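The structure appears right after this line, and notes come after that.
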Amino acid sequence: MRITAIAGGVGGARFVRGLRHHLDTTGLEDAEVTVVANTGDDITLHGLRVCPDVDTLLYTLGGGVEESQGWGRAQETHHVQEELAAYGAQPQWFSLGDRDVGTHVVRTHWLSRGLTPSEVTARLAQRWGLPDRRIRLLPMTDTPVETHVVVDDGEGGERAIHFQEWWVRHQAALEARRFVVAGLDRASAAPGVLDAVRQADVVLLPPSNPVVSIGIVLGVPGVRDALRGTRAPVVGVSPLISGRPVRGHADACLRAVGVASTAAGVGGLFADFLDGWLVDPGDAGTSVRGVRVEAFDEPLLMTDVEAAGRIAGRALALARSVGG
Ligand code: GDP
Ligand code: CA
């Protein structure tokens with residue numbers, strides 16, 4: 001069985017980890033999981049290329065993540081950041097941990113030697129043991145793209161800031177007028193991405209941010225068409241519970257694109273290619289045109305690997321029921 005998931009950072013990584021756990025404990029060890037990761041969050045800091053969603057996937061799936069926050073390295077220290085601060089290096093609002101810096105140094109070095117982001121990601125994934133666990137991690141594109149957020153400039157006009165500045169520095173508290181993804185219209189899907197969607201047996205949308213994670217991947221030319229055209233059932237898991245994001249600021253992102261912060265609103269964003277939509281029991285009344293909506297029988301919370309595994313198992317069952 002070939003399963004393809006389209007993922008952002010924390011929600012995507014926890015879901016895929018649960019999916020792998022489910023497969024490995026139900027006799028489906030041979031299933032291959034391909035993860036297509038959002039790279040719109042990528043940013044260059046202090047000369048280093050940082051790919052937050054790819055890194056969260058690497059660390060979570062490789063067993064090196066700081067569980068309490070869901071991203072970054074476990075047992076992290078911050079000596080490098082202290083030195084950067086002592087030199088007055090900007091920005092200071094994005095803190096890089098010491099172990100994490102190792103990833104960014106290696107990535108930046110390999111990119112400078114001419115490797116593509118796909119090649120670099122494959123090498124990083126090797127270190128974290130992903131291929132051995134039958135997980136293939138693909139960046140959505142090898143073209144540099146960066147999500148920007150258009151906000152009020154306070155003088156009656158507007159300005160665009162990098163997504164990370166909006167998310168991390170301002171905690172998404174500045175009203176977003178819209179998102180602009182620099183480079184996306186000219187980007188092409190990374191090698192393997194479109195085939196992973198077209199040739200999958202099941203496509204899953206984890207509970208990732210529907211606008212700035214999954215929405216960005218859908219904007220890569222060809223991806224949305226591949227999803228509409230695939231013969232595989234496409235099943236999504238709602239990132240909202242009773243209208244609220246479990247973590248992060250998905251509601252602020254949905255507001256910016258004029259979509260209701262509800263399981264129905266988010267499902268509607270994907271209705272042109274979605275077959276099944278798994279929602280929290282509290283959202284059991286949700287309906288999305290042309291989509292089979294099912295409520296999970298416990299809270300839709302990935303509290304640990306087992307819980308995430310049960311959610312993933314249910315998403316696969318839903319895929320079987322709509323697909324065959
Ligand atoms: P980010 O890139 O680190 O922001 O992570 P993602 O885009 O992958 O996921 C963020 C989304 O995951 C948010 O909208 C959350 O509401 C959602 N999310 C995180 N944990 C859970 C969970 O346990 N259950 C559900 N249903 N959604 C979750
Ligand atoms: Ca992200």
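Since we're looking at a predicted model, the values are computed, not measured. Position 1 is the first residue of the sequence; numbering continues from there. Both ligands and their constituent atoms are indexed starting at 1 by order of listing.
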- Query: Is the backbone N or O of Ala263 less than 3.5 Å from a side-chain atom of Ser238, with the two atoms forming a donor-acceptor pair by type?
  - Reply: no

- Is the closest basic N to carboxylate O distance between Arg20 and Glu32 below 4.0 Å? no

- Thr25 (side chain) donor-acceptor with His22 (main chain) under 3.5 angstrom: yes

- Do Asp297 and Arg314 sit within salt-bridge range, that is, some charged N less than 4.0 Å from a carboxylate O? yes

- What's the atom name of the N, O or S in Asp41 nearest to the Ca ion (ligand 2)? OD2

Are there any protein N or O atoms under 3.5 Å from the N or O atoms of ligand 1? List them with distances, or say none.
| from | atom 1 | to | atom 2 | distance (Å) |
| --- | --- | --- | --- | --- |
| ligand 1 | 2 (O) | Gly9 | N | 2.9 |
| ligand 1 | 2 (O) | Asp53 | OD1 | 3.1 |
| ligand 1 | 3 (O) | Val10 | N | 2.8 |
| ligand 1 | 5 (O) | Gly9 | N | 3.3 |
| ligand 1 | 5 (O) | Val10 | N | 3.0 |
| ligand 1 | 7 (O) | Asn209 | N | 2.8 |
| ligand 1 | 7 (O) | Ser213 | OG | 2.6 |
| ligand 1 | 8 (O) | Gly9 | N | 3.0 |
| ligand 1 | 8 (O) | Gly11 | N | 3.2 |
| ligand 1 | 8 (O) | Gly12 | N | 2.9 |
| ligand 1 | 8 (O) | Ser208 | OG | 2.6 |
| ligand 1 | 9 (O) | Gly11 | N | 3.4 |
| ligand 1 | 9 (O) | Asn209 | N | 3.4 |
| ligand 1 | 12 (O) | Pro207 | O | 2.5 |
| ligand 1 | 16 (O) | Pro239 | O | 2.7 |
| ligand 1 | 16 (O) | Val246 | N | 2.9 |
| ligand 1 | 23 (O) | Met302 | N | 2.7 |
| ligand 1 | 24 (N) | Leu300 | O | 2.7 |
| ligand 1 | 26 (N) | Ser238 | O | 2.9 |
| ligand 1 | 26 (N) | Leu300 | O | 3.0 |

- Task: Please confirm whether Phe179 and Trp166 have ring centers closer than 6.0 angstrom.
- Result: yes

- With Leu204 as partner, the option from Val237, Ile6, Leu316 fulfilling side-chain contact (heavy atoms from CB on, under 4.5 Å) is Leu316

- Item | His46: ring pair (Phe, Tyr, Trp, His ring centres under 6.0 Å) partners, not counting sequence neighbours | none

- Task: Restricting to N/O/S, name the atom of Asp53 that gets closest to the Ca ion (ligand 2).
- Result: OD1

